[in-house]
Amino acid sequence: MIEFWYGVEKDLTHHIKDMQVEEKFLWYPKTGKVIPMDSIFHTEIAIGNSGDFLKIKKDHSFVDKKDDFFMPKRDSLFVWNSRSNEHRFFCVIDERLYVSPDRKWILTADNDGWNLLNTITLKTKKQLSDREASPYFKGTELITWVKGNKVWEQNILNGKLVRKVNLDGDHVEIINSQHQKITEGLPREIISVPENNYLFRLSKGDLLKSYVEWDHRTIKKIIAETTDKIRNLIFTDNHSNFVWTKENYNEAPSIVFKQKGKKHHVVFTSNVHDKTAEKIRKIQLHYKGATQETLTATLFLPHDYNSGKKYPVVLNIYEKQQKGMSAFLLPTFKNGRGFNVRLLLESGYMVLIPDITYGDKGSGLSALESIHNVLDELVKIEQVDARRIALTGQSFGGYQTNFVATHSDRFATFISGASVSDVIHTPFSFNYDFGSPDYWRYEYGQMRMGGSFVENKQKYMDNNPLYFASEVKAPILLWTGEKDSNVDREETRSLFVALRKYRKPVIALFYQDEGHSLSGRAEQKDLSVRMLEWLDYFLKDKRDVEWIDKQMKGAL
């Protein structure tokens, strides 16, 4: 009949989901002794002395469990003696806490660098002043540090630091390291590297990758530098055999096998019948983002590209997307957001995938600046039809599409899916996916407002698409799932109502049994086809599409 929601509750999830009430106990099987664990602590980790545990006490000064999700963590680390039931405060920690496999050493970071705790003596000392370096325990007395393309080793006992190798790349990862998570979602784990050979993944920019083995003397290439998308790399314990998959935007996925000291060879390639993929090409554009850094956009050209023609262009936006530009362009109607690069290329469009970055003005205005800057570069290409450019996006990309649609006259049409339209109301709505209010995502998360509405009212208003709905200059197609538990479908309905109020050409599609992205095969195909029909209607003048004509000709 009635349900009480209390303002003092830290976690509201139990109001929308069945939650198990969990209690923890420490059990001594030899004596049968059972000790209940204090519920204000979590993440108990057995350490050096028998009966001692590390415990973490979360900062409970916030209103909701998600309030500090995008903020620097300020959790308190305690040592608990289970014999005396004494909790001894050790230090305040951030996201990172690394434990050696023998549980003797603990590394935590603060603003001054890395601190090392001896779990036997419970004494601590400063280990490294560079908090941006990443640590791995090696054996019982060494720490391997990695930063950028450099690798060091440090003796735990005397603190001596020795540079071991400089590698050819901007960023290095040790891929044969061992990880055991302590806390879900945070870099808190038991972590180590083998004492013999290391396997490194070397990155240059967003696309160039290579893989090498280092035996502490020489570097041997496993996979030469490539723009291919490399995944599923597995190897034998002695690194004598390697298997991986590779693909690129115009190369179908393949399984590759390599024996140590021999050349690799392809074992299997999928989609061998797809001969047009090999003819697809891409161009990279460079432009300034909202903070004046140089960004990259990828422009895909159709397989039958003709330099003597002009082409309509479809932009799809989110945030930074270049890391995904090596994925094979598979033509399919199984698209959860209706967008498929290959289908558009096959339909005679160029497709532009730009990066977006964000400044102090807010996410909407930042996106507008980045997109206008990339348009300035795009229209310099002679084969681009500057009068026939569309902007599309889903979720956060849909929000940005909504905002750009209310502030730009440089697009012929827009398609926005499962998107936010009112950044003032939505932060105070309840998100049924996360079981919490949504303001944590707006203040310091993806929306990047830099604080609450009370603190930054003008920024929220300046970046709110709904407030500028009367300024939309081109037709817009909206879509959402009626069962979206991440972004309320009323956000789509509200923007539709505002556009309708101001007599803007708009159609909204509401998929009755779908969520934030479409999962049903029939619904995925329906949206994919309707998006192609919408783009053809406004970018290619292909008329006589009944469901669009009903809006454009008022034929209801």
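Numbers for residues simply follow the sequence, beginning at 1. For the numbers below, each heavy atom of this structure counts, side chains included, while hydrogens, waters and symmetry mates do not.
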TODO: Please work out whether the ring planes of Phe414 and Phe411 are parallel, tilted or perpendicular, with thresholds of 30° and 60°.
DONE: tilted

- [ ] Give me the ring orientation class for Phe428 and Phe453: parallel if the planes are under 30° apart, tilted from 30 to 60°, perpendicular past 60°.
- [x] perpendicular

Open item on the list: Show me the pairs that pass salt bridge (Lys or Arg N to Asp or Glu O under 4.0 Å) and involve residues 422-435, at least two apart or across chains.
Closed with: none

Task: Under the ring-ring contact (aromatic ring centres under 6.0 Å, His included) test, residues paired with Tyr442 that sit two or more places apart - done: none

TODO: Salt-bridge test for Asp376 and Lys380: reply yes if a basic N is under 4.0 Å from a carboxylate O, no otherwise.
DONE: no

Open item on the list: If you apply the rule side chain to side chain contact (heavy atoms under 4.5 Å, CB included), what do you find for Val256 with Val243, and how did you get there?
Closed with: CA-CA 6 Å; Val256 183; Val243 177; over 6 Å; no

Task: Arg188/Asp94 ion pair, N-O < 4.0 Å - done: no

Task: Lys323 atom NZ: more than 12 heavy-atom contacts under 6.0 Å - done: no

- [ ] Indicate whether the side chain of Asp438 and that of Ser436 have a donor and an acceptor atom separated by less than 3.5 Å.
- [x] no

Open item on the list: Looking only at the side chains, is there a donor atom on one of Gln394 and Ser419 sitting less than 3.5 Å from an acceptor on the other?
Closed with: no

Open item on the list: Can you tell whether the side chains of Lys65 and Asp11 come within less than 4.0 Å, N to carboxylate O?
Closed with: yes

- [ ] Report yes if the distance between the aromatic ring centroids of Tyr444 and Trp440 is under 6.0 Å, otherwise no.
- [x] no

Task: Donor-acceptor side-chain pairing of Tyr305 and Gln383 below 3.5 angstrom - done: yes

Task: Phe300 ring center within less than 6.0 Å of Tyr249 ring center - done: yes

Task: Mutual orientation of the aromatic rings belonging to Phe4 and Tyr6 [parallel < 30°, tilted 30-60°, perpendicular > 60°] - done: parallel

Open item on the list: Strictly below 4.0 Å, N to O, side chains only: are Lys457 and Asp462 in salt-bridge contact?
Closed with: no

Task: Lys/Arg N to Asp/Glu carboxylate O, Arg387 vs Asp385, below 4.0 Å - done: yes

Open item on the list: Over 60° means perpendicular and under 30° means parallel, so tell me whether Phe430 and Tyr432 are parallel, tilted or perpendicular.
Closed with: perpendicular

- [ ] Decide, yes or no, whether a salt bridge links Glu533 with Lys542 under the criterion of side-chain N to carboxylate O below 4.0 Å.
- [x] no

TODO: Could you tell me whether Lys288 and Glu369 have a side-chain N and a carboxylate O separated by less than 4.0 Å?
DONE: no

Open item on the list: Once side chain to side chain contact (heavy atoms under 4.5 Å, CB included) is applied, do any residues pair with Asn248, and if so which ones, sequence neighbours excluded?
Closed with: Thr227, Asp228, Asn250, Glu251, Ser326

Open item on the list: For Gln446 and Glu319, which I'm curious about, is there any donor-acceptor pair between the side chains at under 3.5 Å?
Closed with: yes

